[in-house]
Trainee: 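Starting off with a structure, shown below.
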Amino acid sequence: MKRTLVVMALALAGLMPIAHADVSDGHALPPGIGWQQGDVPAAFARAQAENKPVFLYWGAVWCPPCNQVKSTIFNRPDFIAATRQFVPVYLDGDSENAQQLGEKFKVRGYPTMILFRPDGAEITRLPGEVDPERYLRTLQLGLTAVKPVKALLSDALAGNKLAAADWQLLADYAWDVDRGQLLPEKDVPATLEKLAERVPSEPAFVATRLQLKALAALAGEKEPLAFDRNQARNWLLKVLGDDALSRANADIVIYSASDALKLLGDDAALRQAFDVQLKKLEADSTLSWSDRLGATSTLLSLYKQQHPKQALPAGLVADVKAKAADADKASANPYQRQAVITAAGELLADAGLLDESDKLLKGELKTSHAPYYHMLILASNAKERGDKAAALDWYQKAYQASEGQATRLQWGASYVSNAVELAPQDTVRIETAASEVFIDAGKSGSAFYERSRRSLEKVAGKLKAWNQDGRHAEAVGRLAGQLDGVCGKLPADDAQKPVCDGLVKNLKS
């Protein structure tokens with residue numbers, strides 16, 4: 001009776017009941033944690049009965065960042081011990097109706113990790129890109145927080161006094177996967193800028209992180225807000241000159257360097273400061289290999305950005321090769337390898353070492369639990385060489401090897417898109433590929449929600465562009481009829497039906 005009432009309450013709150021759906025793939029999660037797999041209502045019912053928060057992990061078997069989280073955080077004894085304080089639930093993006101629930105929770109990118117109160121109120125969204133110590137510190141703050149982050153944000157913007165722990169929750173909040181939970185996405189840069197102005201200077205690591213996030217948000221905007229660039233540049237030089245502060249914010253230093261240089265002016269002093277700090281981070285054995293490769297990748301990107309028409313220096317090429325080889329040798333468990341080998345393969349390709357990238361990735365196909373991800377990079381490598389036939393062959397193999405409802409639609413959309421781009425004259429291939437995607441859509445219970453919906457919208461958009469001159473009207477007409485058949489099987493009151501009907505209408509117009 002109690003569980004029924006909780007499920008009804010969740011339904012009224014917009015958290016629709018989802019039938020239990022175990023993830024059959026043994027690689028979905030590392031052992032040691034009693035995850036509720038797919039059964040979100042059961043997790044909240046248990047949480048209310050035990051008066052514990054709920055920890056929701058939204059991910060996918062293939063996703064490299066998810067596998068990094070599994071290999072650096074979920075397998076740690078201190079994280080496993082911390083799970084006694086909450087009810088952990090894993091929602092795999094390929095579980096039945098997972099995309100529907102993903103839309104309700106406003107989760108899109110893998111991984112997204114959220115802490116909820118037992119009644120379903122959201123406490124905070126946890127960052128997936130930080131090192132384990134920061135992650136665990138933030139998790140513990142979330143578990144003991146008196147107010148959810150949304151209330152803390154309101155207090156901070158109103159000028160109310162916050163404790164240091166409250167500011168840390170705001171600084172470590174996963175703003176990149178907020179999806180409008182705290183405020184509209186368009187307001188995030190300006191809001192972070194306001195917070196950066198109001199955060200106390202001590203503790204320095206909290207203030208610096210919030211200020212760096214504000215700068216990174218501004219750098220990511222097409223039309224950044226007005227600010228004092230010279231003052232921001234001088235402040236950033238001080239941060240980059242401080243090894244402890246740079247290491248504490250390694251994720252931002254590594255992955256926002258290019259944008260920061262574009263925003264603040266690509267001068268020699270700032271570039272040199274990034275170069276020095278990135279070299280320290282790529283050699284830092286306390287960082288994950290994914291992040292160390294990320295530092296090497298950023299160094300490579302910055303060089304190419306400054307010397308767009310020059311060949312890479314031999315020393316940089318040798319460094320890329322050595323880092324990829326070291327990462328390969330050091331990565332043992334399957335979660336780590338899924339994250340590291342994809343990063344190493346892409347790094348080698350970015351350095352123009354396509355053959356070396358191919359060799360590394362092909363060697364992984366028989367042992368990887370998600371080889372279809374590696375196949376996409378192999379396809380991209382062939383495309384870079386100008387070998388359209390080989391590229392399409394890899395895109396097709398990747399789609400055929402892919403597993404899971406949402407994953408197959410995503411990989412199918414990639415195959416269709418590249419077939420239209422690389423072989424627009426091959427009507428049979430394109431129609432066959434799109435038809436297979438629509439067959440997959442018909443097999444899924446949530447094909448027109450969240451990531452799956454966007455995959456199908458991509459397919460429909462590519463087909464419409466392919467037929468813009470009307471030369472493929474017959475093929476597109478048959479495909480529209482096939483998709484219309486999928487729509488016809490949806491109940492009239494299903495929220496997916498108007499989405500499906502809209503795609504058919506778009507194809508026919």
Trainee: Do S331 side-chain atoms and R337 backbone N/O form a donor-acceptor pair below 3.5 Å?
Mentor: no
Trainee: If you measure only the distance, is there a donor-acceptor pair under 3.5 Å linking the side chains of T407 and W62?
Mentor: yes
Trainee: Are R179 and E103 close enough for a salt bridge, meaning some N to O gap below 4.0 Å?
Mentor: no
Trainee: Do Y173 and Q181 come close enough that some side-chain heavy atom pair is under 4.5 Å?
Mentor: yes
Trainee: Salt bridge between K147 and D166, side-chain N to carboxylate O under 4.0 Å?
Mentor: no
Trainee: Can a donor-acceptor pair be found between the side chains of D243 and Q277 at a distance below 3.5 Å?
Mentor: yes
Trainee: Decide if atom NZ of K383 counts as having more than 12 heavy atoms of other residues, nucleotides or ligands within a radius under 6.0 Å.
Mentor: yes
Trainee: For atom CG of N160, is the number of surrounding heavy atoms from other residues, nucleotides or ligands below 6.0 Å larger than 12?
Mentor: yes
Trainee: Ion pair present between D78 and R76, side-chain N to carboxylate O less than 4.0 angstrom?
Mentor: yes
Trainee: Decide whether N67 and Y373 meet the rule of one side-chain donor and one side-chain acceptor closer than 3.5 Å.
Mentor: no
Trainee: Are more than 12 heavy atoms, taken from residues, nucleotides or ligands other than K106, located less than 6.0 Å from that residue's NZ atom?
Mentor: no
Trainee: Hey, is the main chain of Q68 close enough, under 3.5 Å, to the side chain of S71 for a donor-acceptor pair?
Mentor: yes
Trainee: Do S446 and N97 meet the criterion of a side-chain donor-acceptor pair at a distance under 3.5 Å?
Mentor: no
Trainee: Side chain of T83, backbone of I80: donor and acceptor closer than 3.5 Å?
Mentor: yes
Trainee: Determine whether Q405 and S452 satisfy the following criterion, side chain to side chain donor-acceptor pair (under 3.5 Å), listing intermediate values before the conclusion.
Mentor: CA-CA 8 Å; Q405 298 177 13; S452 295; over 6 Å; no
Trainee: Assess whether atom CD of E384 is packed by more than 12 heavy atoms of other residues, nucleotides or ligands within 6.0 Å.
Mentor: no
Trainee: Is there any salt bridge (Lys or Arg N to Asp or Glu O under 4.0 Å) pair reaching into residues 245-256, and which pairs are they, with sequence neighbours excluded?
Mentor: D131-R247, R209-D251, R247-D284
Trainee: If you apply the rule side chain to side chain donor-acceptor pair (under 3.5 Å), what do you find for T296 with E282, and how did you get there?
Mentor: CA-CA 6 Å; T296 306; E282 75 169 346; 2.5 Å; yes
Trainee: Count the heavy atoms of every other residue, nucleotide or ligand shown that sit under 6.0 Å from NZ of K194, and state whether that count exceeds 12.
Mentor: no
Trainee: When the aromatic ring centroids of F74 and Y335 are compared, is their separation below 6.0 Å?
Mentor: no
Trainee: Cation-pi check for Y449 against R454: NZ or CZ below 6.0 Å from the six-membered ring centre and within 45 degrees of the axis, yes or no?
Mentor: no
Trainee: Take R453 and E457 through the salt bridge (Lys or Arg N to Asp or Glu O under 4.0 Å) test and state the conclusion after the steps.
Mentor: CA-CA 6 Å; R453 181 194 71 246; E457 288 171 345; 3.4 Å; yes
